[in-house]
Amino acid sequence: VSLPAAERWLSSRQTPWSRQLIGLPGYEKPRDLPKVCRLNYGNPYADIDRGRIYATGVATANERLTLTHEYLHFALAYHPRGQDEEFVEQTARKLLELP
């Protein structure tokens, strides 16, 4: 099941985030915005091969942080630390201006 509100939210942030991330080595704006699918159980994750993010929603700050984090796995797929969970989380927090 898709999450259209989450997809719209990601779409509205893709360009501003791109301006902030453009200087990172290996950053590449995803050609196609990942589809966001509802996750009913387990941990949210990015399925790069299928172009999907599995998440619970976008209503809360934590859900938006999670969505941003998983999106970054797409955008930083070619970054030397693109699979480093700590780096990705720190980058997501910077994009959302969270501590």
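Just so we're clear, the structure is a prediction, and the values are computed from it rather than from any experiment.
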Student: Can you get from Val58 to Val1 by hopping between Ile, Leu, Val, Met, Phe, Trp and Tyr side chains that sit under 4.5 Å apart?
Tutor: no
Student: How long is the gap from CG on Leu67 to OH on Tyr54, to the nearest 0.5 Å?
Tutor: 14.0 Å
Student: Supply the atom-to-atom distance Gln20 CD to Thr91 OG1, rounded to the nearest 0.5 angstrom.
Tutor: 10.5 Å
Student: Within a reach of under 6.0 Å around CD of Glu85, are more than 12 heavy atoms found that belong to other residues, nucleotides or ligands?
Tutor: yes
Student: If every non-hydrogen atom of Ser18 is compared with every non-hydrogen atom of Tyr27, which pair is closest and at what distance?
Tutor: OG-OH, 3.0 Å
Student: Just so I know, are the side chains of Leu24 and Leu21 near enough to count as touching, which here means a heavy-atom distance under 4.5 Å?
Tutor: yes
Student: Set out, in order, the CA-CA distance, both residues' side-chain angles and the distance that settles side-chain contact (heavy atoms from CB on, under 4.5 Å) for Leu96 and Trp17, then state yes or no.
Tutor: CA-CA 9 Å; Leu96 295 175; Trp17 288 348; 4.1 Å; yes
Student: Please name the pair of heavy atoms, one in Leu39 and one in Pro44, separated by the smallest distance, quoted to 0.1 Å.
Tutor: CD2-N, 3.3 Å
Student: Using 0.5 Å steps for rounding, measure from the CD atom of Glu63 to the CG atom of Leu3.
Tutor: 9.0 Å
Student: Can you tell me if Glu70 uses its side chain to pair, donor with acceptor, with the backbone of Ile53 under 3.5 Å?
Tutor: no
Student: Are the side chain of Thr66 and the backbone N or O of Asn62 linked by a donor-acceptor pair below 3.5 Å?
Tutor: yes
Student: Using a 4.5 Å cut-off on heavy atoms from C-beta on, say whether the side chain of Gln14 contacts that of Pro30.
Tutor: yes
Student: Run His73 and Tyr45 through ring pair (Phe, Tyr, Trp, His ring centres under 6.0 Å) and show every step you take.
Tutor: CA-CA 9 Å; His73 282 299; Tyr45 65 98; over 10 Å; no
Student: Drop me the distance from His79's NE2 to Phe87's CZ, to the nearest 0.5 angstrom.
Tutor: 3.5 Å
Student: What is the distance from atom NZ of Lys94 to atom OG1 of Thr68, rounded to the nearest 0.5 Å?
Tutor: 14.5 Å
Student: Of all residues at least two apart in sequence or in a different chain, which pass the salt bridge (charged side-chain N to carboxylate O under 4.0 Å, His left out) check with Arg93?
Tutor: Glu89
Student: Identify the heavy atoms of Val88 and Leu72 that sit nearest to each other, and give their distance.
Tutor: O-CD1, 3.6 Å
Student: So Ser2 and Arg38, do their side chains get closer than 4.5 Å, heavy atoms only?
Tutor: no
Student: Would you say the side-chain atoms of Arg52 pair up with the backbone N or O of Pro34, donor to acceptor, closer than 3.5 Å?
Tutor: no
Student: State the OG1-CG distance between Thr60 and Leu65, to the nearest 0.5 angstrom.
Tutor: 9.0 Å
